[in-house]
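This structure is a prediction, so every number in the text was calculated from the model and none was measured. Letters A, B, ... are given to chains in the order of the sequence lines, protein chains preceding strands, and every chain is numbered from 1.
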Amino acid sequence: MALLSISSSRLYGLLVACGLAWTALVAYVVHDFGFIWYIALTDGIVSSILLAAACWLINNNLRYYQPGKGSYINLLMWCLSLAGICTAGCRWIIPYLSISTVYMHFLSQSLTIRFFTDFLAIGWMAMISMLWYSQQDHKQTEKRKSEAEKLARDAELYNLRQQLQPHFLFNSLNSINALIGFKPDEARKMIHQLSDFLRGTLKKDDQLLVPLNDELQHLNLYLDIEKVRFGHRLDTEISCDKHCGEGLLPSMLLQPIVENAIKFGLYDTTEKVTVSIRGEIEGNNLVIMVQNPYDPQTSRPKGTGFGLRGVQRRLYLLFARNDLMETHQNDNIFTTIIKIPQL
Amino acid sequence: MKSALVIDDEPLARMVVLEYLQAFKDQIEVMQECNDGFEGLKAIHQYQPDLIFLDVQMPKINGFEMLELVENQPSVIFTTAFDEYAIKAFEAHAVDYLLKPFSKDRFNKAVEKYLAQVPAPKQNKQTEELLEAVSQSPAQHERIVVKTGTKVKIIPVSDVIYLQADDDYVSVFTQEGSYLKNKTMNFFEQTLDSRYFVRVHRSYMVAIQQITRIDPYEKDSHLAILKSGAKIPVSKTGYVKLKQVLGI
């Protein structure tokens, strides 16, 4: 496998070196049989060039065409015929360059062994090329796949964040519309709150970890707006000491949880509703608990709503853990607890 | 002089309607403002208003569910912020509706349209059709709202054991008893999740999780025995459907 991880220019250098060594080897062997160096070298060079051409051919062939599982037999045929051509080439070309009856005799007698060594060399080349190119292919697929995954993840995070509800926006605008008539100052204030909130949502980078204090500040804008709409029914309690205010969490993570709490709190009961948010540092985790009343008779928090599923998914994508969020329902209180590991 | 109610869970939203209504104070008198569907029902019962301004999204029971429970339906102008199902239904069934935030001009148009129309019994039918159309929205599939006497009962669909046709009504059977709902069997067959409810007979629909046994009965028919002990007739076609859903 070490061979497969080297760069292609080094691989080609290696192959050229192999070709030179092959020429030297053939020349030496032929010389060893008692022929003069001129004949031996001619033989070595010609047979090596032919072999190199065959290797180049098979390599090139495999670059553009990877044989399927069933077509290895084709590859074998290719190797055999290329070896045959090389051998035949030696048989017909070398005699033109060095005329010697003894050598001619030697040449025709060595054809079988030449054929088989050529076949082995070409086969070896075919194998190397196949491994090389399939490895190359594999690498590219892998790269594409990881890029696609990254894109999908980014898109998913983006979508999870973009679930700002149009319902909320239109109702807020409607409240402003009402306030303009008789409390223009409050209307103005609400416009500022709403724009600060929207700007905050747009600006935030999902990947970023922000201190809980910042997140709570942003959340307060949202809660203030909801209080203008439902002031007569909505109360909020936020507790978070100085220490845990510095704890880090992914930005906009709390938003859907609190939205969910408000939705179930306000839409499933007709009484006054208190939504509480409590932060604590526990060991190495920032633990945040959000509670809201709900009515088990009418509501349907089937496990987790969509907003909460999104939170869980985000925590999983960011921390690769599935145990960072839990929900409990008892005594008409719905509790969501999230843990954020502090790195 | 027409009487009217404003039903919305946001005080500021009600205020807008009241403010805009000032222009019509010689023609329309607001009897009461209501904070939710329950108050709305009570007030409708009490005042029998000619017109109501009704928000769709409200706590516990939404505007449509509330309307289902009203017997002599008044004319309705819906007000809603955003609800794709509702808007689709409004567009198909020409009851007027206002999308929040709405302008004074738009509001005036809606009210003038109401004032101009000849009091027609047609309105009731329109509202009924609207409610049928709205029932396609997913929120309506999870609970059934019924009225027992003066009380409103919200039945989560998961509590329903079976449904039985009863003249023009359908009886909804739960652990706690049965409730009449003025809808047809076909309506429930369309709206309830077909993975959990099967119309096993012309007059019966069963929650399949409640079935403990299916016994052969007379020729071509079966009896489904439920956990509660109830025995529900299963017709030939009902048996085929049941087998399909249960995967046997």
Side-chain angles (χ1 to χ4, degrees), chain A residues 163-184 186-187 189-191 193-194 224-234 259 261-273 292-303 305-306 329 332, chain B residues 6 8-20 22 33-42 55-63 65 79-84 86-87 98-104 106-107 138-145 152-159 174 176:
Chain A
Q163 279 161 19
L164 177 72
Q165 297 184 0
H167 205 264
F168 165 74
L169 189 58
F170 288 126
N171 273 316
S172 302
L173 289 173
N174 195 50
S175 301
I176 292 173
N177 193 23
L179 287 171
I180 285 174
F182 64 107
K183 285 180 184 165
E186 278 191 35
K189 191 175 144 209
M190 190 162 170
I191 287 176
Q193 283 168 333
L194 189 61
D224 282 345
I225 295 166
E226 289 290 49
K227 273 187 204 159
V228 175
R229 290 177 55 202
F230 296 104
H232 56 306
R233 296 216 290 131
L234 178 63
E259 263 173 31
I262 287 195
K263 199 170 124 204
F264 281 115
L266 287 176
Y267 288 138
D268 279 339
T269 64
T270 46
E271 298 89 46
K272 267 185 99 85
V273 167
N292 64 279
Y294 80 109
D295 185 343
Q297 284 300 310
T298 46
S299 60
R300 56 263 129 160
K302 285 177 194 151
F306 184 77
Q329 308 166 22
N332 298 355
Chain B
V6 183
D8 195 315
D9 61 328
E10 293 184 39
L12 287 172
R14 292 199 300 269
M15 223 123 81
V16 176
V17 175
L18 292 180
E19 190 196 321
Y20 287 175
Q22 282 296 309
E33 291 175 53
C34 308
N35 225 334
D36 53 59
F38 300 103
E39 278 185 34
L41 275 179
K42 243 186 262 166
D55 183 19
V56 175
Q57 192 166 20
M58 289 190 296
K60 290 230 181 195
I61 60 171
N62 67 33
E65 287 166 332
T79 58
T80 188
F82 179 85
D83 184 334
E84 41 186 323
I87 291 168
L98 298 166
L99 291 181
K100 293 175 187 170
F102 41 84
S103 69
K104 195 163 185 179
R106 181 67 190 83
F107 179 87
Q140 314 286 102
H141 297 185
E142 283 157 358
R143 51 197 181 167
I144 301 170
V145 181
V152 175
K153 169 87 184 154
I154 299 161
I155 308 168
V157 162
S158 55
D159 284 3
T174 67
E176 295 157 40

Whether B/F102 and B/F107 hold their rings parallel, tilted or perpendicular, with breakpoints at 30° and 60°: parallel
Side-chain (A/N171) to main-chain (A/H167) donor-acceptor, under 3.5 angstrom: yes
Sidechain-backbone polar pair: A/R233 side chain, A/T269 backbone, donor-acceptor under 3.5 Å: yes
Atom pair CG (B/D9) and CZ (B/R14), whose distance is rounded to the nearest 0.5 Å: 8.0 Å
All salt bridge (Lys or Arg N to Asp or Glu O under 4.0 Å) counterparts of B/E176, not counting sequence neighbours: B/K153
Contacts of type salt bridge (Lys or Arg N to Asp or Glu O under 4.0 Å), residue B/D8, not counting sequence neighbours: B/K100
Residues in side-chain hydrogen bond (donor to acceptor under 3.5 Å, both in side chains) contact with A/N292, at least two apart in sequence or another chain: none
Contact class of A/L266 relative to chain B, heavy atoms under 4.5 angstrom: backbone
B/E10, part contacting chain A, at a heavy-atom distance under 4.5 Å: both
Under 4.5 Å from any heavy atom of chain A - which part of B/M15: side chain
Test log, rule side-chain contact (heavy atoms from CB on, under 4.5 Å), inputs A/N177 and B/L12: CA-CA 9 Å; A/N177 193 23; B/L12 287 172; over 6 Å; no
Those residues of residues 35-42 of chain B, ordered by number, that approach chain A below 4.5 Å (heavy atom to heavy atom): B/N35, B/D36, B/F38
For chain A, the option from B/S158, B/A81, B/A13 that forms the most heavy-atom pairs under 4.5 Å: B/A81
